[in-house]
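In what follows, a single structure is set out as structure tokens and then discussed.
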Amino acid sequence: MVLEAETCGAGPSGRNGGFCHGYWAAIASLRDVLGDDGALEVARVAERIVPAAPAQDEAVERAVEAARALGVEEEAAPLSREELAERIRSPVFRKGVFFRDGATVQPARLVQALRRAVLRGAELYERAPVTRIEPGVLRTPRGRVRAPEIVVAANAWMTGWRPLRGRVTNFGSYVVLTEPVPELLERIGWTGGEAVVDGRMFLHYFRTTNDGRVLMGSGSGPIGFGGRVDERFTRDRPTAARAAAGLRRLLPELAEARLERAWGGPIDVSSDHLPFFGTVPGARIHYGAGYSGHGVGPSWLGGQILASLATGRDDEWTSLPLATRRVPRLPPEPLTRIGGGLVRAAIMACEAAEEEERRPPLPARLVAELPRLVGMQIGTR
Ligand SMILES: Cc1cc2nc3c(=O)[nH]c(=O)nc-3n(C[C@H](O)[C@H](O)[C@H](O)COP(=O)(O)OP(=O)(O)OC[C@H]3O[C@@H](n4cnc5c(N)ncnc54)[C@H](O)[C@@H]3O)c2cc1C
């Protein structure tokens, strides 16, 4: 039985950027967090998600180097400026790295297809928010459900849930969508449907749609407080404006493309930007969280892990490092909110300065380094 607070797709699964990928693009940080063997194991198994499956230069180089060091250089192919221009032309792109394990989806259609699949084999109750979780019992305003095995998969809404306290926090991610501009896409040679991200910490992510629009996202939205999912994740105009500014800066040839839509949602960020899965000690309550804004593909992996946990299997999914590791804790509130807010502002100042080829101010540089010094990947590159 599936209990959904609103309707299927009301959460970010129905309104994300549609980037669907495994973990090769994150191979450098995966290596830092899980070690060589763990990184290779997770990245290899994540291939099954998609069947067939100057300051920012460092992000490109780190990915290429990590893949080379792990003996899988074909997974992170460096692209020179000329090679990059064969896929997409922009005066600000200097080089790139190509990961073959990516794809794009129309997220709302994917959710609808998943919903239909659920209805073939399970009961689905929408507008049925779970208000309390106890071992074996779920409470909703419409009644109680007895369930020997419980899976909690509520993404950003789990941040305030006691078993996960201190292990995830919420940030906002926002996108803007242009009118159809297929002729402009032809002009910059971006006709192959590539999904692109830049090397920022608060990254820009951009893709085309089948009808020739461009979606540009910015992961620089506000930080939540105490697990509340409120308006700052859907109505933050400055973050939507940053996505729009990113479009104009990164793809100046699209200057005349009118923006038709803008929207945002919460992402559940773990301290090392990787998801984690497990079972509440002493109870048959299983959870997965921490997709950190990259859950479209990885939630398929999460589904395999949670299915194995809920059916008591001990298999290739439950032995993955994502299901066995201990996630470093975040600082307690209000430190996460206040410290995180300062670090976010400092990183944004550094990234803006670097893009304008200015030296970032010293205080901003120092604050931006803080999380890395305490071993966290939040807010650092
Ligand atoms: C603007 C934006 C763009 C993004 N772009 C990308 C992208 O391009 N690629 C990518 O990989 N990831 C992207 N993400 C992140 C991605 O959308 C998520 O990681 C992914 O959708 C998580 O899926 P989920 O099923 O875990 O969570 P969700 O889709 O959030 O589903 C959680 C569900 O739980 C329900 N719920 C909450 N509380 C309760 C309760 N008490 N009882 C019952 N139900 C409850 C919610 O209503 C919701 O439907 C983006 C996110 C945003 C906001």
Side-chain angles (χ1 to χ4, degrees), residues 1-23 25-26 46 49-50 101-108 110-111 114-115 118 124-133 138-142 145 150-161 168 170-177 195-197 203-207 209 215-222 224 227-229 232-234 236 239-240 242-243 261-270 273-275 277 287-303 305-306:
M1 178 184 289
V2 177
L3 299 173
E4 159 58 51
E6 298 184 36
T7 51
C8 293
S13 290
R15 59 182 134 129
N16 56 68
F19 283 52
C20 182
H21 52 75
Y23 277 107
I49 292 170
V50 184
D101 76 333
T104 55
V105 294
Q106 209 290 18
L110 176 60
V111 173
L114 290 170
R115 185 180 183 280
V118 165
L124 167 67
Y125 292 89
E126 293 179 299
R127 294 188 187 77
V130 173
T131 50
R132 201 177 165 82
I133 303 170
L138 294 160
R139 289 175 199 272
T140 82
R142 293 161 57 186
V145 178
I150 295 173
V151 171
V152 187
N155 192 26
W157 287 266
M158 288 159 78
T159 300
W161 186 44
V168 267
N170 293 342
F171 277 66
S173 194
Y174 281 73
V175 297
V176 292
L177 186 69
V196 193
V197 294
L203 54 78
H204 288 111
Y205 48 99
F206 38 117
R207 58 167 289 188
T209 62
L215 175 141
M216 170 69 72
S218 169
S220 64
R228 273 198 294 277
V229 178
R232 82 191 94 186
F233 300 115
T234 45
D236 189 59
T239 312
R242 272 194 296 280
R261 300 248 197 300
W263 67 89
I267 57 176
D268 59 338
V269 179
S270 67
H273 272 198
L274 290 174
F277 302 86
Y287 56 81
Y291 292 111
S292 305
H294 301 280
V296 174
S299 58
W300 177 85
L301 268 191
I305 296 171
L306 290 167

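In each ligand, atom 1 is the first atom listed, and ligand 1 is the first ligand listed.
Of all protein heavy atoms, the one lying nearest to atom 27 (O) of ligand 1 is N155 CB, 3.0 Å. The protein atom (non-hydrogen) at minimum distance from atom 4 (C) of ligand 1 is N16 CB, 3.1 Å. The protein heavy atom nearest to atom 3 (C) of ligand 1 is Y205 OH, 3.1 Å. Protein heavy atom in closest approach to atom 46 (C) of ligand 1: E4 OE2, 3.6 Å. For atom 21 (O) of ligand 1, the closest heavy atom belonging to the protein is S13 OG, 2.8 Å. Here the protein heavy atom with the shortest distance to atom 52 (C) of ligand 1 is S173 CB, 3.9 Å.
The atoms of ligand 1 that sit less than 4.0 Å from any heavy atom of F19 are 7 (C), 8 (O), 9 (N), 10 (C), 11 (O). Atoms of ligand 1 lying under 4.0 Å from at least one heavy atom of I267, given by number and element, are 51 (C). Residue-ligand proximity, G293 to ligand 1, at heavy-atom distances under 4.0 Å covers atoms 6 (C), 10 (C), 12 (N), 13 (C), 14 (N), 15 (C). Remark: ligand 1 atoms within the under-4.0 Å shell around heavy atoms of Y291 are 19 (O), 26 (O).
A side-chain donor from one of S220 and R242 sits under 3.5 Å from a side-chain acceptor of the other. Residues S173 and Y205 bring a donor and an acceptor atom of their side chains to less than 3.5 Å of each other.
Residue contacts with ligand 1 leave out A156, since none of its heavy atoms falls under 4.0 Å from the ligand. In this structure, G18 is part of the shell of residues with a heavy atom less than 4.0 angstrom from ligand 1. Within the structure, the closest approach of P129 to ligand 1 falls below 4.0 Å when heavy atoms are considered.
Within a 6.0 Å radius of CZ in R261, other residues, nucleotides and ligands contribute 12 heavy atoms or fewer.
Between A5, G9, A240, it is A5 that holds the heavy atom closest to atom 39 (C) of ligand 1. Scanning G221, G265, A10 for the heavy atom closest to atom 53 (C) of ligand 1 points to G265. Proximity annotation for atom 11 (O) of ligand 1: of V130, V296, T7, V296 comes nearest, heavy atoms only.
Taking 4.5 Å as the limit, some side-chain heavy atom of F19 sits within range of a side-chain heavy atom of V197. In this structure, the side chains of F277 and L301 stay at 4.5 Å or more apart for every pair of heavy atoms. Using a 4.5 Å heavy-atom threshold, the side chains of R15 and T234 count as touching. The side-chain heavy atoms of P266 and W157, taken from C-beta on, include a pair separated by under 4.5 Å. Using a 4.5 Å cut-off on side-chain heavy atoms (C-beta onward), Y291 and D268 make contact. Side-chain contact between S13 and L110 is absent, with no heavy atoms from C-beta onward closer than 4.5 Å. With a 4.5 Å cut-off on side-chain heavy atoms, V152 and M158 count as touching.
For the atom pair S270 OG and I267 CD1, the distance stands at 10.5 Å (nearest 0.5 Å).
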Step by step, work out the salt bridge (Lys or Arg N to Asp or Glu O under 4.0 Å) result for R115 and E4.
CA-CA 11 Å; R115 185 180 183 280; E4 159 58 51; over 6 Å; no

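At a heavy-atom distance under 4.0 Å, atoms from both the backbone and the side chain of A154 approach ligand 1. At a heavy-atom distance under 4.0 Å, no atom of F233 approaches ligand 1. Residue contacts with ligand 1, taken as heavy atom pairs separated by less than 4.0 Å, involve L3 solely via the backbone atoms N, CA, C and O.
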